[in-house]
Amino acid sequence: QVQLVESGGGSVQAGGSLRLSCAASGSYYNCMGWFRQAPGKEREGVATIYAGGVTTFYSDSVKGRFTISRDNAKNILFLLMNSLEPEDTAMYYCAARTSVGSSDCSSRYSASAFPYWGQGTQVTVSS
């Protein structure tokens, strides 16, 4: 079992940046990801990363603006968010699972594929 604790959310103006962190304690999982959920919308996959960063996935809406990374030694997952837009406003969640390989981690990025979740951190972007 793993415990995931997110931090780093906040309120910024459009064009600003934030860096989210997710501290993982307990078991190590080779596939980790960031998801977000806005009010009235389904939880969507934002980015995933396999092991030491060999393979990453980004949703089209954040590609080129967000960067996912992980510090395996400290078991911390990061999400650097640049050029933030009001449409990025949502609760952001960290999630973890075991994948059978790097391609599995990047190809199965739906929320239902991840059994372990953090409590979320709110990101609000104003125009």
Side-chain angles (χ1 to χ4, degrees):
Q1 194 90 12
V2 62
Q3 184 177 17
L4 305 172
V5 180
E6 302 97 333
S7 62
S11 298
V12 295
Q13 290 192 326
S17 299
L18 283 173
R19 189 177 80 154
L20 306 183
S21 299
C22 172
S25 60
S27 301
Y28 170 83
Y29 291 88
N30 57 13
C31 183
M32 298 189 73
W34 287 100
F35 292 77
R36 66 186 182 187
Q37 188 167 19
K41 294 188 176 181
E42 291 186 357
R43 191 170 297 189
E44 63 168 340
V46 173
T48 64
I49 186 167
Y50 176 76
V54 172
T55 306
T56 57
F57 155 80
Y58 294 96
S59 67
D60 288 342
S61 60
V62 307
K63 200 172 295 183
R65 300 187 298 122
F66 290 11
T67 303
I68 189 171
S69 62
R70 64 191 295 178
D71 183 333
N72 286 325
K74 297 181 179 179
N75 214 3
I76 301 176
L77 180 71
F78 299 101
L79 185 69
L80 176 61
M81 305 185 294
N82 294 322
S83 303
L84 282 162
E85 304 168 351
E87 293 74 23
D88 296 317
T89 295
M91 184 72 78
Y92 282 71
Y93 298 90
C94 168
R97 69 178 177 92
T98 298
S99 71
V100 296
S102 59
S103 59
D104 176 69
C105 183
S106 61
S107 63
R108 289 203 303 140
Y109 48 84
S110 65
S112 60
F114 287 77
Y116 306 110
W117 293 86
Q119 83 290 347
T121 184
Q122 178 68 38
V123 172
T124 303
V125 184
S126 58
S127 57

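Please read these numbers as outputs of a predicted model, since none were measured by experiment. Note that these values count all heavy atoms, side chains included, but never hydrogens, waters or copies made by symmetry.
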Considering all heavy atoms, the nearest N82-S17 contact: OD1-OG, 2.8 Å
Same apolar cluster (I L V M F W Y, side chains within < 4.5 Å links), V12/M81: yes
With a sphere of 6.0 Å drawn around CD of Q3, does it hold more than 12 non-hydrogen atoms of other residues, nucleotides or ligands? no
Donor-acceptor contact present, side-chain D88 to main-chain E85, <3.5 Å: yes
Could you go through the side-chain contact (heavy atoms from CB on, under 4.5 Å) check for Y58 and V46 one step at a time? CA-CA 6 Å; Y58 294 96; V46 173; 5.9 Å; no
Donor-acceptor contact below 3.5 Å, side chain E6 vs main chain C94: yes
Checking Y50 side chain against D104 main chain: does a donor-acceptor pair fall under 3.5 Å? no
Minimum side-chain heavy-atom gap L77-I49 below 4.5 Å: yes
Any heavy-atom pair between the side chains of L79 and R19 that's under 4.5 Å? no
Atom pair CG/OG of L84 and S11 - distance to nearest 0.5 Å: 11.0 Å
Report the C-alpha separation of R97 and Y29 in whole Å, then their side-chain angles, then the decisive distance to 0.1 Å, and conclude whether the side chain to side chain donor-acceptor pair (under 3.5 Å) test is met. CA-CA 6 Å; R97 69 178 177 92; Y29 291 88; over 6 Å; no
Once you round to the nearest 0.5 Å, how far does OG of S110 lie from CD of E42? 10.5 Å
M91 with F35, same ILVMFWY side-chain cluster at under 4.5 Å: yes
Has the side chain of T121 got a donor or acceptor atom that lies under 3.5 Å from a matching backbone atom of G9? yes
Just how far is it from atom CD1 of I76 to atom OG of S25, taken to the nearest 0.5 Å? 11.0 Å
Between R65 and S83, the two heavy atoms sitting closest are NH1-O, 2.9 Å
Before giving the answer on side-chain contact (heavy atoms from CB on, under 4.5 Å), spell out for Y93 and Q37 the whole-Å C-alpha distance, their side-chain angles and the decisive distance to 0.1 Å. CA-CA 8 Å; Y93 298 90; Q37 188 167 19; 4.2 Å; yes
List the atom of T89, the atom of A38, and the distance in Å for their closest heavy-atom pair. O-CB, 3.8 Å
Dump the intermediate steps for side-chain contact (heavy atoms from CB on, under 4.5 Å) on L20 and V123, then the final yes or no. CA-CA 9 Å; L20 306 183; V123 172; 4.1 Å; yes
On a heavy-atom basis, the closest approach of C22 and M32 is SG-CE, 4.5 Å
Under 3.5 Å side-chain donor-acceptor pair for S61 and R36: yes
Assess the pair F57 and Y109: is the distance between their ring centroids shorter than 6.0 Å? yes
Just by modelled atom types, is the N75 backbone N or O under 3.5 Å from a matching donor or acceptor in the N72 side chain? no
Verify, without hydrogens or angle tests, whether T48 (side chain) and C105 (backbone) share a donor-acceptor contact under 3.5 angstrom. yes
Taking all non-hydrogen atoms of both residues into account, name the closest pair between R70 and C31 and its distance. NH1-N, 4.1 Å
Do R43 and W117 make a side-chain contact, defined as non-hydrogen atoms from C-beta onward lying under 4.5 Å apart? yes
For the residue pair W34 and F66, is the inter-centroid distance of their aromatic rings smaller than 6.0 Å? no
Locate the shortest heavy-atom distance separating P115 from A96; write the atom from each residue and the value. CD-O, 3.4 Å
